[in-house]
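Because the structure is a prediction, the values reported are computed rather than measured.
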Amino acid sequence: MAQATTSSRAPAPTEKTFTKYTPDQASTYTQFRRNYHPSVYNFIITSHTTTGGQLDTVLDVGCGPGLATRTLATHFQHALGLDPSPGMIDTARTLGGTTLSGSPIQYTVSSAEALNSIPAASIDLLTVANAAHWFSSMPHFWARAAEVVRPNGTVALWTGSHFRALPDLPNAEKIQAVMEAHVDDENLEPYMEEGNRMVRGGYASLPLPWHCGVPAFDEKDFVRQQWPVTEPFYEGQAEGSGVDLKTAEKMMGTGSAITRWREANPELAGTEADPVCKLVADIGRLLREAGVKEGEERVNGGVEGVVLLVKRRGE
């Protein structure tokens with residue numbers, strides 16, 4: 001096994017919301033964040049293997065409580081998860097998970113720029129699920145990825161944009177309008193960061209290795225695959241029944257901007273002044289206006305997802 005390396009070039013993490021999550025917050029995050037739809041994983045694995053990638057070791061960077069890590073691990077002999085948040089890693093270790101070979105997933109506290117304790121040329125597939133927009137330095141990340149990913153290996157990064165009402169949802173147009181107003185809420189705007197805007201733009205502005213002067217990855221092999229809102233990007237999205245308002249409120253409450261708002265306004269969190277509570281109340285009102293009985297309101301929608309695939313040059 002190659003000796004582990006740790007880059008001295010890596011800057012300290014700058015993301016402060018998820019990084020300081022406690023185990024309790026990480027547990028809530030796990031409970032109300034949905035996993036990605038099997039079609040997302042199948043696309044990544046198939047693309048990786050049909051372009052020369054092997055299925056020995058997967059590294060999930062920014063793994064949080066290990067939601068994607070545990071799913072990916074079932075395809076690989078070895079699996080590693082890294083996250084800068086000790087609270088997230090504690091939760092991931094508690095939840096555990098095993099690989100195709102039955103070995104346990106290894107979880108370690110590390111920034112994406114350092115990739116602590118990862119040996120050179122040891123990773124077949126490096127994944128980043130809904131986290132690359134919080135990295136403090138994409139050039140440092142890509143430089144380290146070039147060191148740890150094997151020739152013909154793959155880096156897969158993906159994210160889902162803001163929730164959108166599906167056309168068959170009662171009062172869909174008005175509900176979509178209040179959702180857009182929520183994202184543009186002047187009270188929430190001060191708590192939006194560049195990472196939030198990068199997600200909303202479908203990673204169009206995310207720096208890629210050829211933007212960062214890292215030649216180990218070839219632009220000609222780059223793949224950008226988009227999921228329209230009508231195709232499921234998350235588990236449960238295709239069932240059509242949606243989620244009840246209480247669950248919707250909990251799910252939206254895990255967002256970073258609302259987390260920052262609630263930390264700055266603890267006396268207003270959970271009240272009618274809370275942006276998420278206000279949004280859910282408006283959605284409930286619009287559903288009832290469309291004839292949905294009180295207590296039976298459910299939100300059915302989807303997201304526009306995007307997966308970026310970057311190949312490590314072969315030897």
Among the clusters formed by ILVMFWY side chains lying less than 4.5 Å apart, do [X] and [Y] turn up in the same one?
X: Val58; Y: Leu100; value: no
X: Tyr41; Y: Leu55; value: yes
X: Ile105; Y: Val61; value: no
X: Phe222; Y: Val306; value: yes

Could you walk me through whether Tyr36 and Ile44 pass side chain to side chain contact (heavy atoms under 4.5 Å, CB included), step by step? CA-CA 12 Å; Tyr36 303 93; Ile44 292 167; over 6 Å; no
Starting from the C-alpha separation in whole Å, work towards a yes-or-no answer on side chain to side chain contact (heavy atoms under 4.5 Å, CB included) for Leu115 and Leu82. CA-CA 7 Å; Leu115 300 185; Leu82 302 183; 3.9 Å; yes
Got Gln77 and Ser103 here, is their nearest side-chain heavy-atom distance under 4.5 Å? no
Are Ile258 and Asp274 close enough that some pair of their side-chain heavy atoms sits under 4.5 Å apart? yes
Using distance alone, with no hydrogens and no angle criterion, decide if Thr50 and Thr46 have a side-chain donor and acceptor under 3.5 Å apart. no
Between the side chains of Asn35 and Thr71, does any donor sit under 3.5 Å from an acceptor? yes
Any donor-acceptor pair under 3.5 Å from [X] side chain to [Y] backbone:
X: Ser101; Y: His78; result: no
X: Gln225; Y: Val307; result: no
X: Glu113; Y: Ser137; result: yes
X: Arg150; Y: Arg312; result: no
X: Ser161; Y: Glu304; result: yes
X: Asn171; Y: Leu286; result: yes

If the condition is salt bridge (charged side-chain N to carboxylate O under 4.0 Å, His left out), which residues does [X] pass it with, not counting sequence neighbours?
X: Glu173; result: none
X: Arg164; result: Glu180
X: Lys278; result: Asp282
X: Glu297; result: Arg288

Take Val310 and Trp210 through the side chain to side chain contact (heavy atoms under 4.5 Å, CB included) test and state the conclusion after the steps. CA-CA 10 Å; Val310 180; Trp210 37 91; 4.0 Å; yes
So, are Glu147 and Arg144 salt-bridged, with charged N and O less than 4.0 Å apart? yes
Using a strict cut-off of less than 4.0 Å between a Lys/Arg side-chain nitrogen and an Asp/Glu carboxylate oxygen, indicate whether Asp218 and Lys311 qualify as a salt bridge. no
Spacing of Thr159 atom OG1 and Leu308 atom CG [to the nearest 0.5 Å]: 9.5 Å
How long is the span from the CD atom in Glu249 to the SG atom in Cys277, to the nearest 0.5 Å? 4.0 Å
Geometric class of the His133/Tyr203 ring pair [parallel <30°, tilted 30-60°, perpendicular >60°]: tilted
Ring geometry between His48 and Phe76 (parallel below 30°, tilted from 30 to 60°, perpendicular above 60°): tilted
Using the test side-chain contact (heavy atoms from CB on, under 4.5 Å), find all partners of Pro38 that sit at least two apart in sequence or belong to another chain. Asn42, Glu235
Apply side-chain contact (heavy atoms from CB on, under 4.5 Å) to Ala92 and list each qualifying residue two or more places apart in sequence or on a separate chain. Tyr107
In this structure, is the centre-to-centre distance between the rings of Phe43 and Trp227 below 6.0 Å? yes
Matching residue for Leu126 among Ile118, Thr57, Val148 - test: side-chain contact (heavy atoms from CB on, under 4.5 Å): Val148
